[in-house]
Amino acid sequence: MEYAIETENLTKIYRDRAGKVVALDSANLRVPKGVLFGLFGPNGAGKTTLISILVGLQLPTRGTARVLGFDCVKQSLEIRKRVGLLPENYGFYEHMTAYENLEFLGRLDGIPWGELRRRIDEVLELVGLKEWANAKVKTFSRGMNQRLALAQALLKDPEVLILDEPTLGLDPQGSAMFRELMTRLVKEGRTILISTHLLHEVGFICSHAAFIRKGRIVAQGNLEELAKQYREARGYSYEVVVQERPEDLLRELRQLEGVVEVGLENNTIRVRASRDIMRELLGVTGRYQVRSLRERAPTWDELYQFYHGGGWGE
Amino acid sequence: MSEKVAVIVRKEVLENLRSLRYWGLIVLFVLLFVAISAAISAAMGSAFQGREVPAPERGRPATRGVAELRLVVQFVGSLSAAMSFVAPLLGIALGFSAIVAEREKGTIRLVLARPVYRDQVLNGKILAATILIAIAVFVSTALSLPISATLYGVTLTADDLSRLMLSLIPSILLALAYYALSLFISVLSDRSGRALLYCILAWIFLTFVLPIAASMIAYSVLGPPPAIALNRTSATGVEIGVTVTVVEELPPQLQDYYRKLGEITSSVLMISPNDRYFTLVNALFTRRSPQTTSYVDLGSIIATRWVDLAVLAAYVAVFTLLSYIFFVQRQEVR
Ligand SMILES: Nc1ncnc2c1ncn2[C@@H]1O[C@H](COP(=O)(O)OP(=O)(O)OP(=O)(O)O)[C@@H](O)[C@H]1O
Ligand SMILES: [Mg+2]
C-alpha cells in the first residue's frame, strides 16, 4: 500500500543550553492516501515537531520521512508544492489586509496572477471571511486569524493538508464549518493530517488516527484496528435496546460466559464482556422482544484515554 | 530575477512604504539637514554681513567668488553630516527585524512552508532594502535640498547638482553597509529587541567609539608628544578639498609627531564605514585647484579613492555572505 505520509524511525533531538530534548523517538507514522487522519497526543508529545519535519521547517536528526513519495530532506520543495500547511504559532503581516496576505502567500505557492484572485475569493468564502477581505489583519480576532490560517493552507488546492491544532480559537460555528469542510475535502480525494488534543472538537470526524506519546507513535490505524486493541484490554461492550421489562433477559445475559457487567438504563441494556460474545448475544436476544443489538465502538476519547492513560504500552 | 524573488521584493517594498519607521527616518533627515543648515547660516550670517557675495552669472560659473565656493563646501558638509547620521539608522531600521521579526511573529513559517528556497527569501529582502534605501536617500535629499540651499543662500550650479546626485551612491552604500550588518544580526537573533540592541551598539561603536579609539590607539603607539617650546607664528591656511587644514609652523619634530598621529588614526579609521563615506563625498567635491570651480574628474577620483569604495562594498559583501551562510545552511525555523 502506498502511503501519503510515511516516516521511518524519525528522530529529532533538540539541543539547547538545558541539554538534550528527544522530541521524536523513532516515530513510524503511516498515513494512507485519501483519509482524514488524526495525530493525537498530549502537550509536548512531538506533534508539531513531526509536522515541521514533514514540510521542511525542521531537519530530522535521524530517520526518514516521505510525503507523497518525496523525501522530506532532499525533495522538500516538491513536498511544499503539494502540501498545504496550517502551522502552530503562525502569524500574518499585520499591516497588510487579509487579501494582501493571501495574495503574497498565493504567489509564493506559484499560483498565477490570473487564477489567484478567484482562488482567494473562494477560500475566503469557504472560511467565512469574505466581508473581511480588505481589513488589516491586526484588527482580526483570534478566531478570524485561525480562519485566515486555514484559508492560506487551502490556497493552492493541495493534495495533502497538514493542520496543527486547526480549531484553536474557533467558535462553535467555526468548528462546525471546519468539520464540514474537512469531510468534504476528504471525499474529494485529499489526504488530511490533523494534529490535536481537542478530540471532542475534531476527533470524531477522523477515520484514522495515530497516538503519539513522548515522541513515539504508540498506536495507529483506522478506528476498527485501534478499537481492537482497546477491546482486548478493556473488554467488549454491547448495547441491547429492549421494548419491555427484560428481567429474564438480564438474568440470561449475566449467565453467559465472559460477561463482566450487565446494566440497565431506561430501556437500554449495556453488556461488558472480556471476550467477543456477539454470536451468543444474537442467540439469546433472538428469543426476546429486542429492538436492536449492536456492539458499541469505543469513542476517540475513550481510545485516547486508553492509549495515553497508561493503559497501553507502558 | 526569479518570480518568487520578485514577489518578495514587492511585498517588502509595499510593507515598508506603509511603515512609520521608514517615513520617520526620511523626515528625520530633512529636519536634521535643515536644522544644521539653519544653525550654520545663522552663525555665518554676521560673518557674511556686508561682504558682497557675487551672484552667479548664467553660463559663467567661473566667476563664482571664493566666498560662494566656501558656501558650497559648507553646504555639502552639512548634508553629509546629516546623511552620515541618518543613513546608518535607515540601514539598521530595515535590517534588524528583517528575519527575527518574521520568526517572532511566525510569518516565516507560512513563507518557508511554501515552494521557495531560503536564499530567495534573502535575495528578495536584500533587493527590496536596496530599492527602499535608494528611494529614501533620493527623496530625503530632494525634499531638503531647496530648503537648505535657500537657508545658506547658495545657488547650486548644474555641476554641483550632478555631484550631489553622485554623492547619493556613497550614501546608499553607507546605508547598505549597516543594513547588511543588521541583517546578519537579525539572522542570528531570537528576539527583535535584542537584535535592535546589538545593532545600535554596533552603530555607536562605529560612529562614536571608533574615532576616539583610533586617536587613543595612535597616542598609545606614539607616546606623548615631544616636549618642545612652541614658537607661535602666523598660521597659513591651505585648502585641501573641502577641509581646510591649518598647519601651524611647528618645530619639525612636532610636525613629524602630528603627521604620524594623523596617519595612524586614519589608518585605524579605514574600517569605519562613516569615515569612508566622508572621504568619498569630500573627494567628489574636491576642485581641480583652489582657484578653479570645476571638480576633479570621476576617473581620477575612482583611481585614488577606490579603497574607500572597496571598504564600504566589503561591509555589504561580507555581512550579506554571512547572513546567507547562517540563514540558508541552518535550515531550521526556531
Ligand atoms: N525549538 C525547540 N528547542 C528545544 N526543545 C524543543 C523545541 N521545540 C520543541 N521542543 C521540545 O520538544 C518536545 C516536543 O515538542 P512539540 O512542540 O513537538 O510538541 P507538541 O506535541 O506539538 O505539543 P503541543 O500540544 O503543546 O503543541 C517538547 O518537549 C518541547 O519542549
Ligand atoms: Mg504543537
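Chain A is the first sequence line, chain B the second, and so forth, proteins listed ahead of strands; every chain is numbered from 1.
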> Is it true that a side-chain atom of A/Arg82 and a backbone atom of A/Leu68 form a donor plus acceptor pair closer than 3.5 Å?
Replying inline: no
> Which bit of A/Glu78 comes within less than 4.5 Å of chain B, counting heavy atoms only: side chain, backbone, both or neither?
Replying inline: neither
>> Tell me which of these, A/Val55, A/Leu85, A/Asn89, A/Leu105, has more heavy-atom pairs under 4.5 Å with chain B than the rest.
In response: A/Leu105
>> If we define contacts as heavy-atom pairs under 4.5 Å, which of A/Glu88, A/Met96, A/Glu103, A/Gln152 has the most with chain B?
In response: A/Gln152
> If you measure from the Lys or Arg side-chain nitrogens to the Asp or Glu carboxylate oxygens, is any gap between A/Glu6 and A/Arg66 under 4.0 Å?
Replying inline: no
>> Checking B/Gln120 against B/Ser2: is there a side-chain donor and acceptor pair closer than 3.5 Å?
In response: yes
> Quick one: of B/Glu15, B/Arg114, B/Lys11, who has the most non-hydrogen atom pairs under 4.5 Å with chain A?
Replying inline: B/Arg114
> Should the pair A/Arg147-A/Asp171 be classified as a salt bridge under the 4.0 Å nitrogen-to-oxygen rule?
Replying inline: yes
> What part of B/Leu14 is in contact with chain A, defined as an atom under 4.5 angstrom from a non-hydrogen atom: side chain, backbone, both or neither?
Replying inline: neither
>> Report which part of B/Glu3 has an atom under 4.5 Å of a heavy atom belonging to chain A: side chain, backbone, both, or neither.
In response: side chain
>> With a 4.5 Å cut-off on side-chain heavy atoms, are A/Tyr99 and A/Asp121 touching?
In response: yes
